[in-house]
Each structure stands twice: as structure tokens, then as C-alpha cells.
Amino acid sequence: MIDDVLVIGAGIVGAACARTFAAAGLQVTVVERGAAAGGTSAAGEGNLLLSDKQPGAELVLAQYSATLWPDTVADLTAELPGTFPSVEFEQKGGLVVATTEPGAQPLLDFAARQSDSGVDARPISTAEALVLEPDLNPAITAAVHYPEDSQVQPTIAAEALLASARVRGVRVITNTRVTGPILSASGDLVGVQTSKGDLHAGHVVIAAGPWSGEVAAALGVNLPVKPRRGMVLVTTRMPHRVFHKVYDADYVGATLSSDAALQTSSVVESTASGTVLIGSSRQQVGFDNRFDVHVLAEIAAKALRLFPFLAGMSVMRAYGGFRPFMPDHMPLIGADPRLPGLWHATGHEGAGIGLALGTADIITALMTGDQPPIDPTPYSPARDSLAPFLDSDDAARLSDASAATADDTADQAAVSGGAA
Amino acid sequence: MTDVVIIGAGPAGLAAATSARALGAHVVLLDSADQLGGQYWRHLPTQRPSKHEAGLHHGWAKFQKLCADLVADPDCRILTQAQVWAITAAESSAGTGPASTGSATTGSACTGSAGTDPATTGASARNSAGSAASTTSAVPTVHVLVGEPDGVGRERLSFSPDAIVLANGAHDRALPFPGWDLPGVFTAGAAQALAKSERIAVGDRVLVAGAGPFLLPVAASLAQVGATVLGVLEANHMQRIISGWGKKPWQLIGAASKGAELAGYARNHIANRIPYLTGRGVVAAHGTERVTHVTTAKLDTGWAPIAGTEKTVAVDAVCIGHGFTPRLELAIAAGCALTAERFVRVDAHQRTTVPGVYAAGELTAIGGVDAALVEGTIAGHAAAGGHLSDPAMKSQVAKRITFSGFARRIEKAHGIRAMWPGWLTDDTIICRCEEVNYGAMCQTAQATESTGLRSLKLSTRAGLGLCQGRVCGRTVEELLACQTPGGLSDGVMTDRRPIAAPVRIADLAAAALPASPGRNSPQTASPSKPSRPTT
Ligand SMILES: Cc1cc2nc3c(=O)[nH]c(=O)nc-3n(C[C@H](O)[C@H](O)[C@H](O)COP(=O)(O)OP(=O)(O)OC[C@H]3O[C@@H](n4cnc5c(N)ncnc54)[C@H](O)[C@@H]3O)c2cc1C
Ligand SMILES: Cc1cc2nc3c(=O)[nH]c(=O)nc-3n(C[C@H](O)[C@H](O)[C@H](O)COP(=O)(O)OP(=O)(O)OC[C@H]3O[C@@H](n4cnc5c(N)ncnc54)[C@H](O)[C@@H]3O)c2cc1C
């Protein structure tokens, strides 16, 4: 059997892409080395944020994706059996605050620039912030309300997109690892070798999250996707006292930075079940999954700066995973000019849940020759900002890295620990 | 001098502390409970001593001696109410956490001789009230909170010793059945604990049910504190019990005291006229405010209930125990490999696959108190740098063999059988913390077609609550695996809990404060005031 498209990876990005490919009439197989929705998409949070994005192509993709979520959720609900768990989509809004005097003006400036790009960003007074969040530390120096910020339960969202893809005829093969390329006589990629035999397809899409560099290396090209570790704390259940996604403006700095050292900032939010999630850290330590008490301590300390009442609450679980980090901070969506037949849908770092739907639309349009909904060139694998990272030294480094992380399913499992 | 940290002060931990001290090691003995003794030697609070303890406990004199010697010993630092909430693996074992059971994942050899024993280098156990220790040695760091379990501002300590002995035991496992969440339904362990440490009977008319030899002492304790025990129901059939226990009984000669102990329970049984029925179990509990009746039924050899054999029994309490689940979270966090049966993998020296980390007692097999004592003795000796060939270990080595046989027999005779879900109904609660019932859990699994436990836990919410799967984890795994054609495939275990016990956010945040260098006496971490922004 020769598929039109083979998608490598059954995380949220692979699931979303498979679903739109099938909707466009393509015959699709998803191949996943472990269980579906068992990688990064089950190891993070489900914030769909505009608030943390600076004006530019990533914001455009986030804005476009944000328009898709409500209808997609409605479609999923209609397509899937009533017993399917809810994806917990909720447009609860974000509240970003500065906690230092020097931090105030940059936050307000940032919000003003976002406003110019069409984001609903509303600077509010401390008194107004305290109406939105009565338990917020009143000693804040600036606050901006972002009504468009929303959330889903990321793992259930990934499962739902995949189930919908199945309904549309997509074949999903789990427990099967992609190990190498199948090339045509002319050197085009026409399929992949896997741990359970060969799979042939017209197009091969790498959607392997933080392992995309490793998969690309196995297929013969280098790709500078690196893991950026993140940890999240989960409290025991409590009556709802946090009503928005509340975070310190530091978070934006952490998101936009390339610093390999530990960075923490607190995004505090409550979940439907009554727990509060406090995340998260950003740290480049390869696929090192060791539990680091100091990282958790910093996250906790920053959360207390926002919500002093949390001091007496208990953390019952910590989990985390590895974000697929791109050195130029831009997701990678489109055909790889170096190897005909190879496509990428990866590198979404800490925003892959939010950006999955837009990514799927763009890559489907590009593959079927339709007009993409937004300009795809900033995400192209051929973009200039990526060129410096595609040299051959890097290729060598990447293949070393993949050798070292041969057992990374285990790593992932270890990090996510006591549950996600 | 070798620094040894021992986690758990039950039989295994007390024995380990004693033998490590015998070799001159510096010992820190930690237990989260208020008192020493573990599950086995639970007793009235020391403020309320009783003349009758000896009658309630086998080996009470032995316990008193173990404790007295350790308490009097200045080089054994004993900390009760000391909750180990995390173990952080050292650099060298990065990324080697076991992905699935049955595979040794760390590269370290565990067959070295005494000379290469990692437990002989001498970094000193230290307390860092400030920063998390950045570990450079191969032995993991132990993070402890000391104080009232619910208190804020517990004292925070961390230790980076030369060797760690994990002796944190097991908890008892109760399989769910309709009505098991009613007040009046207890685990056997909880009932036993109330009887032993508070002299309280959980009810007047009590039925004890489940599987395994440790239901007998529970019935005995209940009778001693005044309950009428209506019977002990053992789910397994006599034939299986006999074939498990009865073959080659001479192998048990070394375990004679064990035999005498069990015979004692049997006599007690007869004296108290407690019926012992096999091949029968409690399949439902009824009542509105609390349990008033239970339904029992005959079970086939796979534990499927047999229709038409139901009986109703009026009770005001029922005690359930179907075996034990080792508390694996600390061992997993340390990077220790597990066996296929999901116990901590150890060699003859009780060494785990992580250098400098030893395990003893119920973590390695369910063998009862005598097995725990022997294993603890060996583990403490090895952790302090000793070797099995040392004369002091000779008798221990022989006993260890006997008692590991004992553990295998318990499993063979009394282990859980696969058809038990036959007594579940759709509305039987499986995960009590998140109130997930059996029907909803199965429906979700069928709808998502998921084959991964990580995703299934999130979509069903089973095992995500306060107990973090300690109570329901194994059950959730087994039931979900039944819903998945090839079984669960992601190698995720509910036993993995990097945070071993809930921690107050203030206590956790205190660790972010800068370390105060050079202090080597215990520091009290002050409950952190939320640091205010500089306005
Ligand atoms: C702590 C943390 C918090 C986060 N918070 C948010 C948030 O709030 N909002 C947000 O939008 N994003 C967030 N993210 C980021 C988001 O989780 C990721 O961007 C997203 O999950 C990436 O999805 P993916 O499908 O690309 O990758 P994954 O979900 O990792 O899927 C990739 C799949 O590829 C499979 N694979 C790998 N190698 C092979 C192979 N050789 N053969 C076959 N299959 C293979 C893997 O097993 C995996 O299942 C967070 C991430 C972390 C770690
Ligand atoms: C109901 C019941 C009846 C039994 N009857 C018998 C019997 O009649 N005969 C027999 O031989 N055996 C019996 N047993 C089994 C016996 O209790 C065990 O074999 C024995 O206690 C095991 O010893 P241990 O040291 O391994 O663990 P435990 O005795 O369980 O000790 C473990 C200790 O570790 C501590 N701990 C756990 N986690 C942490 C942490 N994170 N931080 C700090 N401390 C921690 C606990 O507080 C506990 O004190 C019975 C068990 C039960 C439940």
C-alpha cells in the first residue's frame, strides 16, 4: 500500500496534520514509536496564548490558530462519540502582571505593540486586576488583560484530533519507530523504514516534536530542533481562587530567549478539576530527565509572588517534558528543499498545542497546491534565519545527539512521572 | 567513616541501622511516622505504654531491644515525622530511570566485591537548609521534611550520604467492589493499625476478606480488641493454597518461628471460633450511611464470582486485603531497576542497580517480618562497607534464602488472579480521589482507543488525585490494560511519583532562597514569606 502522506509522530501536531490531510482527500498513515499522545503533548500545559507572543510571524500563526479552535472543538464534539472526554476548551483570558517597578513600562509597551497587531490587550489598573483576581498580590506594578487567551486539555485534544482523523480514514500505527529512509533511484524520499517494516508514501512529514532532529538525521538530513526542558507543578484540589491564566511578565522574556540556563516564570491557572497548575521552567539540558528540586523551588517561589495564598497549599505532583526548540524561534512548516518528498511540521517550542491547528492548515494547503490561509514563507524550512543552523557541523552534532538519546521514551516517561 | 541514610524504620530499617552501626557507620534513620516500628510493630504511643504490647506483637522483645540500642547510640541519628519527599539522582545515573519493568537499565555492575563497593568513600551527610544540593557523587540526594505532616514550615533537610538503604515498605492493596467506598469498609492494614496502635476495633461484627496469610493476624488483633470476627474469607481455593505452601515443606524449617507464628494465629482462630473459608470473597457492600450488609460469593479459581452462590451477611465493618504494593516511588526516583514482578531488583548484598543504594524488606518481595529483618541486616552491613563473606553474615545469608522462598510461596498461594473484575459493576468507583467509576473509565478508553497509560490517565482522570495512584494505581493499570487489545504500550507506571508526598508550596519555595554556606548543623527553613516585588 502506498499512502499519499506518511506522518511521523502522533502528538498534537501530527494528529492535527493527519486530520486536515484526510479532509483534503489524501490517504494518510500516522506512524508513532510509542503510544499516541504520549510525548510532549502529554507533558505540558494547554495554554492557547496570544499574550506571550511579540508581533511577528509566530503571533500571526497564533492568531490564525485561535480563530480555528472554537469551530474545531465544535466539529470534534459532533464527530466523536458522546463518551469521548471533553477537550476542556475554555476562553478564560489571561492576566499578565509586572511585579517590579522596572518591569512595568516594558510590559505596557509590549502590550501596545501587540494591540497594534490586532491583539486584544487591555492595560488595567491594580484595582481592576484585583476584581479579575481577588487573591492576586496587590503589590503589582502593571497589569494587562488578554481576553483572547484560552486553553484546552492538551492530551485529550491530541487524542480527539487523532480520533477524528481515524474517522476520516487515517490509519494509525503505534509502537513502530521510524529508523531510516526509502529513497527512489533519483534520490527522492518515497517512504521510511521502521522497526516493523517499510512504509511507502508520496510525502513524508516529520512531526516528531523534540525528537524531530533525531528523525531527520535518520532520514539523512540535519535539523536543529533541540529539546528545551520544562517542569510544571500541580497542587492538590482547592476551591477555585484563580480565574485566569495569570503570569509574571518575566515569562515573556523566558519564552523569547535562547538562553540555555534555567529560566523560570510562573503561569498560575486552575484546571476544571480544581487543581492549580504552576508552570514552568525553561532549561536546555538535552534529554536529561533528572528531577531537580531547585527548579521546582524556583517555580514555587515565583508563584508566591503572584498569589501569596498559595503558600499553604500543597504540591502533589510535578511533571514535565521537552519542548521542541528552534534556534530562530520559529516553527518549521513546509517542504524541505534538500530532500524531495520530505516535509516538516515541528519546532513549535512551548506553543505547539496552540499552533497545531494553524500548522495543519498551512501544510495541507502547501501539499495540495491550495492558497495557504496565511503567508507560509516565515515558517519555511528554506528561510534565511535557519540557514546558519543547517551546516554540516550541526548535522554531525545532531547525529551524536540522537545516538545519546536512543532511549528517550524512557526519559519522557520518567519526567512525566506521577501522571502528566 | 561511612555515612548511611536509612529510609523507613520498620523491621527492615531498624535491622539495617543496627548492622550498619555494628560496622561503625554513621547512621541517619528516617521515618515519616511518629514512632519507630513500621507496619509490623505498631504500638500505643510511648506516652501511653501498655503491659500488653508483648502479647499483641510477635517479637516485641526483639523490637524493644533494637530500638533501645539505636536510641541510646549517639552515632545513630533518629528522625521521626521525617518525610522523604524526593530523591534526586546523581549525575552518573542520568536518564536511566527504568522505562518498563523487567529491564535493568542502569549500567552499573551490581556484582562487585567489597573492595569495589561504592559505599566506602566518605563525603559526610550534610544538611542544607538553603539550596538543593548539586550532587557530584554517584549516590542520590535525599530530601526530607521534618515536622507535623500537616504543618507549614517543616524543617527541610537534605542528605548526600555515602550509601542509602531504602526500607520504606509496602502498603496493603484492596481490590475495589461495589460499595467499597462506604464508611465501614477498611483495608486490613488500617484495621490492624487501629487495633494495634489505638486498641480500637473497627466494628462489632466484622468480616475479614481478601487473600493472603496476613488476614489471620488482622482477625486475631480484631478479636483481641473485642470485635466479633464473623469469618476470614480467602479468595483462593484450598488446592492452590496447599500447592503453594505445601510442596517441600522442609524448606520452611529455617522459617520455624514463622510457622509457629502462623500456627499461633490458627490456634487463636479456633479459640475465637473464627471460620476460615476459602474460594469465597466479598463482592459487594451495602448500606447508606455506612456498611450494614455485604454480599459474599464463591469465586472460581480465577476469582470470577460464581452466580447463584451469593450470601448476604449483616456486618458493621469489613476489612479487605488482597496483598501488598511496594512503595516504589523513591527507588524509581533514585533510578533503581525493577524486577518483572515490579519489586526493587537487588543482588545478594541487597544492592540495587544504582551504586550506593540498597533496598530491603517489602520493597524487594512480600515475605513478612522475618524476611524484612534479614534483608535489613544484610543491607545495613553492605551499605556500611561490609561483605557477605564476613562471619557475622553467615547465618543471615542462609536465612535470606529461606525467607525468599517464603515470599515466593505467599505469591504462589495467595497472589491476585486475573478474573476479579468479574465482580465490578459500571458504577463501582475505581479511583476514589477523582471519583472515576468503572463504566466511565472503560468508555473513555474505548472512545480514545489509546494504548498509553500516560494519555489514559489524563483522559479518564483515574489515578490523578491526591493519593496519586497509591491506592488505585495498580488496579487502574490492570483494568485499562484489559481495554487495550495488546495491553498498555508506553511502559508508564503509576508507581512513578517524583514528589513522594505532598509538599507545601511555602516549604518548597524556601529551597529557592540562597544557601547559607558552611552550616553543618540542622537548619530550620523558615516558612518563606512571599518575596514582595521591590516597589
Ligand atoms: C512543560 C511544558 C509546558 C508546555 N506548555 C504549553 C502550553 O501551555 N501551550 C502550548 O501550546 N504548548 C505548550 N508546550 C509545548 C507543547 O507541548 C509542544 O509544542 C507540543 O506538544 C508539540 O507537539 P508535537 O506533536 O510536535 O510533539 P510530541 O507531542 O512530542 O509528538 C511527537 C511524537 O513523535 C514520536 N516520535 C519520535 N520519534 C519517532 C520515531 N523515530 N518514529 C516514530 N515516532 C516518533 C514521539 O513518540 C511523539 O509521540 C509545553 C511543553 C512543555 C514541555
Ligand atoms: C495487616 C498486616 C498484617 C501483617 N501481619 C504480619 C504477620 O503476622 N507476620 C509477618 O511476618 N508479617 C506481617 N505483616 C507484614 C509485615 O508488617 C511486614 O512484612 C513488615 O512490616 C515489613 O517491614 P518493612 O521494614 O519492609 O516495612 P514497614 O514495616 O512497612 O516499614 C516501612 C516504614 O517506612 C516508612 N516510610 C514509608 N515511606 C516513607 C517516606 N517517604 N519517608 C519516610 N518514611 C517512610 C513508613 O512510615 C514505615 O514505618 C503484616 C502486614 C500487614 C499490613
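None of these values were measured; they are calculated from a predicted model. In what follows, chains are A, B, ... by sequence order, proteins preceding strands, each numbered from 1.
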Next item on the list: Answer with side chain, backbone, both or neither: which region of B/C433 has an atom nearer than 4.5 Å to a non-hydrogen atom of chain A?
Entry: backbone
Margin query: To check you understand the geometry: which heavy-atom pair defines the closest contact between B/P502 and A/S314, and what is its length?
Written below: CB-CB, 4.0 Å
Item checked: Shortest non-hydrogen contact between B/R454 and A/G38, atoms and distance -> NE-O, 3.2 Å
Margin query: Tell me which of these, A/A163, A/P81, A/G312, has more heavy-atom pairs under 4.5 Å with chain B than the rest.
Written below: A/G312
Margin query: Let's test your reading of the structure: which of A/L80, A/L296, A/V172, A/V87 forms the most heavy-atom pairs below 4.5 Å with chain B?
Written below: A/L296
Item checked: Part of A/A36 lying under 4.5 Å from any heavy atom of chain B -> backbone
Margin query: Using only non-hydrogen atoms and a strict under-4.5 angstrom cutoff, which residues of residues 435-447 of chain B touch chain A?
Written below: B/Q443, B/T444, B/A447
Margin query: side chain to side chain contact (heavy atoms under 4.5 Å, CB included) for B/S459 and A/E159? Distances and angles first, verdict last.
Written below: CA-CA 9 Å; B/S459 55; A/E159 291 281 14; 5.7 Å; no
Checklist line | Most chain A-contacting option - heavy-atom pairs closer than 4.5 Å, from B/S450, B/G486, B/S489, B/A86 | finding: B/S489
Next item on the list: Check A/L304 against B/A506 and note the closest heavy-atom contact, atom names and distance.
Entry: CD1-CA, 4.2 Å
Item checked: From CG (B/L456) to OG1 (A/T155), nearest 0.5 Å -> 10.5 Å
Margin query: Within the 4.5 Å heavy-atom criterion, are B/I505 and A/I278 side-chain neighbours or not?
Written below: yes
Note to self: Is there a side chain to side chain contact (heavy atoms under 4.5 Å, CB included) between A/F291 and B/I499? Walk through the geometry before answering.
What the structure shows: CA-CA 9 Å; A/F291 188 77; B/I499 293 192; 3.7 Å; yes
Next item on the list: With a 4.5 angstrom heavy-atom cut-off, could you sort out which part of A/L162 is near chain B: side chain, backbone, both or neither?
Entry: neither
Next item on the list: Could you pull out all residues at least two apart from A/E32 that satisfy side-chain hydrogen bond (donor to acceptor under 3.5 Å, both in side chains)?
Entry: none
Next item on the list: Looking only at non-hydrogen atoms, find the nearest pair between A/Q153 and B/L458 and report the distance.
Entry: NE2-CD2, 3.7 Å
Note to self: Before you tell me yes or no, could you show the steps for B/L464 and A/R317 under side chain to side chain contact (heavy atoms under 4.5 Å, CB included), namely the whole-Å CA-CA distance, both residues' side-chain angles and the distance that decides it to 0.1 Å?
What the structure shows: CA-CA 9 Å; B/L464 283 186; A/R317 170 162 89 244; 3.7 Å; yes
Notebook entry, point to check: Does any heavy atom of chain A fall under 4.5 Å from the side chain of B/E434, the backbone, both, or neither of them?
Noted result: both
Next item on the list: List the steps, then state whether side chain to side chain contact (heavy atoms under 4.5 Å, CB included) holds for B/W85 with A/V293.
Entry: CA-CA 10 Å; B/W85 67 274; A/V293 167; 3.8 Å; yes
Next item on the list: Go through the atoms of A/L310 and report whether side chain, backbone, both or neither lie under 4.5 Å from a heavy atom of chain B.
Entry: both
Item checked: Heavy-atom contact with chain B under 4.5 Å, split by part of A/T235 -> side chain
Check: From B/L466 CG over to A/R237 CZ, what is the distance, rounded to the nearest 0.5 angstrom?
Finding: 9.5 Å
